[in-house]
Amino acid sequence: MFRITEGIKFISCSGIRNWSLSCVNGLRFKIHENELELDDEKEFRSEKFPFVWLRDNCTCSQCFQPASKARFVLMKDLKLDVKPKTVDTHLDENEVKITWEDGHVSEFARDWLLARSFADEKVKQRLAEERGQDQKITWDASYIKNMKQHKFQDVMNCNESLLSWLQDLRLYGLTILNEMESHPKALRALLNRIGFPKSTHYGEEFSVIAKPDPNNLAYTNSSLGLHVDLPFYQYNPGIQFLHCVKQTDMSGGDNEFVDGFNLAGIIRRSHPKYWNLLTKLAINFWDRGSEQFSGEFYKYTSLPTFQLNAFGEVYRVNFNNQVRDNVMNIPLKDVKDLYEALMFLNDLAYDPQNMILYKLQAGECVIFDNQRILHGRRGYALEEGGHRYLQGGYMDWDEVNSKINVLRSSRIET
Ligand code: OGA
Ligand code: ZN
Ligand code: ZN
């Protein structure tokens, strides 16, 4: 063990000069004004760790509670200019032990520190991994030929199959599970296999059946234009499940699917004027009514058609002609232009080059990204044999992303 005791004198009076200590094997360190620098001989790396960060992330039992993976330390008790009094390394154990000016002791394992490196290339690598998980493969009508299909029983019984399906869902945004029991309760078992279902004012789940006095167009036998569900929710469901319990024996009842991210890409590349309108001008969506499950509801949002993240990429599509409000809080001069842009988007969505038509059969469940994929339904007749029943449910992406992380165990562990 190397012990440096005069450190305090040096740090308190000397600015950024530093001193170092060599050792034969393992860690060497230098103390800078604000950072500890480690020279890792094994990996030929030099790494700097700010003192405030080291003190903040002390993992002793007074500062950190491992079971909840959370800090006890309050920010008000953290000193921005905190400095070590002494720094020791344990050669054998590859550990750094810091005694702070107030006498508190923090110990850090070499590998723990290196996994949290602030080196540019390591930060870039971690960001790329994070962004890699956000990567999407956009598609047009040709996706029908190799649409990702998985077997319900595999997903229910095997973690690898579950992971493979959820990763496909995140990447392509549209998947089918087949060989599912055509019983309405099967959907709940599937939702529970992943995480918490998302309840909405239409219930914990919803039954898409043509019924008298419908409070939603879905509960009729009419065609439904391409749309995302519930854009009038600020936190709308990330994922939608439609499990076919019974399909009509007559014509109609087919579903339409379009990749909204693909449409966004086309418009961005070819029609900057429409792109500008669809990313900047907010559209109001609303839903007002009542439902046995929830009583009266009145949901309202104001959102652009394409929402962009900090990298300028589309992360949420808000398109639903049925529940677009007639109140428009945009300048008069933009109204006609916005209609033109929306009509262009709608035509592009229905272009057979972009849209998939799929008639679900009993025992199939379609699962799709409700912030990305537009879905629609062809109308059907309610004659003898025309009965159709889809059991629907929702879930947030947080639940699915969490399940993927658990199954991959991909996060850095503390
Ligand atoms: C819905 C919906 C489609 C269908 O319930 O949101 O779009 O096929 N249903 O009935
Ligand atoms: Zn501590
Ligand atoms: Zn819908």
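In this chain, numbering begins with 1 at the start of the sequence shown. Start at 1 and go down the list; that is how both ligands and their atoms are numbered.
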**Student:** Kindly indicate whether the side chain of Trp397, heavy atoms from C-beta on, has any atom under 4.5 Å from the side chain of Leu169.
**Tutor:**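 Of all side-chain heavy-atom pairs linking Leu169 with Trp397, at least one is under 4.5 Å.
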
**Student:** Are any side-chain N or O atoms of Arg388 and backbone N or O atoms of Asn221, one a donor and one an acceptor, separated by less than 3.5 Å?
**Tutor:**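 Judged by distance alone, no pair lies under 3.5 Å.
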
**Student:** Can you see whether Phe232 has Lys299 sitting over its ring - NZ or CZ less than 6.0 Å from the centre and within 45° of the normal?
**Tutor:**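 Pair Lys299/Phe232 does not count as cation-pi.
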
**Student:** SG (Cys63) to the Zn ion (ligand 2) to SG (Cys58): angle, nearest 10 degrees?
**Tutor:**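 Taking the Zn ion (ligand 2) as the apex, I get 120° for this pair.
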
**Student:** Among side-chain atoms of Arg71 and Asn57, is any donor-acceptor pair under 3.5 angstrom?
**Tutor:**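 Distance-only check passes for Arg71 and Asn57.
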
**Student:** Got the closest protein heavy atom to atom 9 (N) of ligand 1, with its distance?
**Tutor:**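 Ranked first by proximity to atom 9 (N) of ligand 1 is Leu224 CD1, 3.9 Å.
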
**Student:** Salt-bridge test for Lys198 and Glu399: reply yes if a basic N is under 4.0 Å from a carboxylate O, no otherwise.
**Tutor:**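 Answer for the salt bridge query: no.
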
**Student:** For Val208, counting its heavy atoms only, list the atoms of ligand 1 lying under 4.0 Å from any of them.
**Tutor:**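 Listed by number with element: 5 (O), 10 (O).
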
**Student:** Do Tyr202 and Asp229 meet the criterion of a side-chain donor-acceptor pair at a distance under 3.5 Å?
**Tutor:**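 The criterion, which ignores hydrogens and geometry beyond distance, is not satisfied for Asp229 and Tyr202.
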
**Student:** For Arg377 and Ser222, indicate whether the former's side chain and the latter's backbone hold a donor-acceptor pair under 3.5 Å.
**Tutor:**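 Yes.
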
**Student:** Tell me which protein heavy atom sits closest to atom 3 (C) of ligand 1, plus the residue, atom name and distance to 0.1 Å.
**Tutor:**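 For atom 3 (C) of ligand 1, the nearest protein heavy atom is Asn255 ND2, 3.8 Å.
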
**Student:** Which residue supplies the protein heavy atom nearest to atom 5 (O) of ligand 1, what is that atom called, and how far is it?
**Tutor:**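 It is Ala218 CB, 3.4 Å.
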
**Student:** Side chains of Tyr389 and Gln391: is there a donor and an acceptor less than 3.5 Å apart?
**Tutor:**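 Result is yes, a qualifying pair exists.
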
**Student:** Using the rule side chain to side chain donor-acceptor pair (under 3.5 Å), only one of Arg126, Gln125, Glu47 pairs with Ser117; which is it?
**Tutor:**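 Checked Arg126, Gln125, Glu47 against Ser117; only one passes side chain to side chain donor-acceptor pair (under 3.5 Å): Glu47.
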
**Student:** Tell me: protein heavy atom nearest atom 4 (C) of ligand 1, and distance?
**Tutor:**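 Answer, as residue, atom name and distance: Arg377 CD, 3.4 Å.
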
**Student:** Which value, rounded to the nearest 0.5 Å, describes the distance between His201 atom NE2 and Tyr233 atom OH?
**Tutor:**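 It is 4.5 Å, given to the nearest 0.5 Å.
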
**Student:** Suppose we measure from atom 6 (O) of ligand 1 to each protein heavy atom; which comes out shortest, and what is that distance?
**Tutor:**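 Ranked first by proximity to atom 6 (O) of ligand 1 is Asp229 OD2, 2.8 Å.
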
**Student:** With nothing but distance in play, are any N or O atoms of Arg388 less than 3.5 Å from an N or O of ligand 1?
**Tutor:**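 Yes, Arg388 has an N/O under 3.5 Å of an N/O on ligand 1.
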
**Student:** Everything protein-side that's N, O or S and under 2.8 Å from the Zn ion (ligand 3): list it, residue and atom.
**Tutor:**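 Counting only protein N, O or S atoms under 2.8 Å from the Zn ion (ligand 3), the list reads His227 NE2, Asp229 OD1, His375 NE2.
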
**Student:** Can you sort out which atoms of ligand 1 are near His227, meaning under 4.0 Å from one of its heavy atoms?
**Tutor:**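 That gives atoms 6 (O), 7 (O) of ligand 1.
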
**Student:** Taking only heavy atoms of Leu390, which atoms of ligand 1 are found under 4.0 Å from at least one of them?
**Tutor:**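 Ligand 1 atoms under the 4.0 Å threshold to Leu390: 4 (C), 8 (O), 10 (O).
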
**Student:** Classify the ring geometry of His271 against Phe344: parallel below 30°, tilted from 30° to 60°, perpendicular beyond 60°.
**Tutor:**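 Correct class here is tilted.
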
**Student:** What angle, in degrees and rounded to 10°, do you get at the Zn ion (ligand 2) when you join it to NE2 of His104 and to SG of Cys60?
**Tutor:**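 For NE2 of His104 and SG of Cys60, the angle centred on the Zn ion (ligand 2) reads 100°.
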
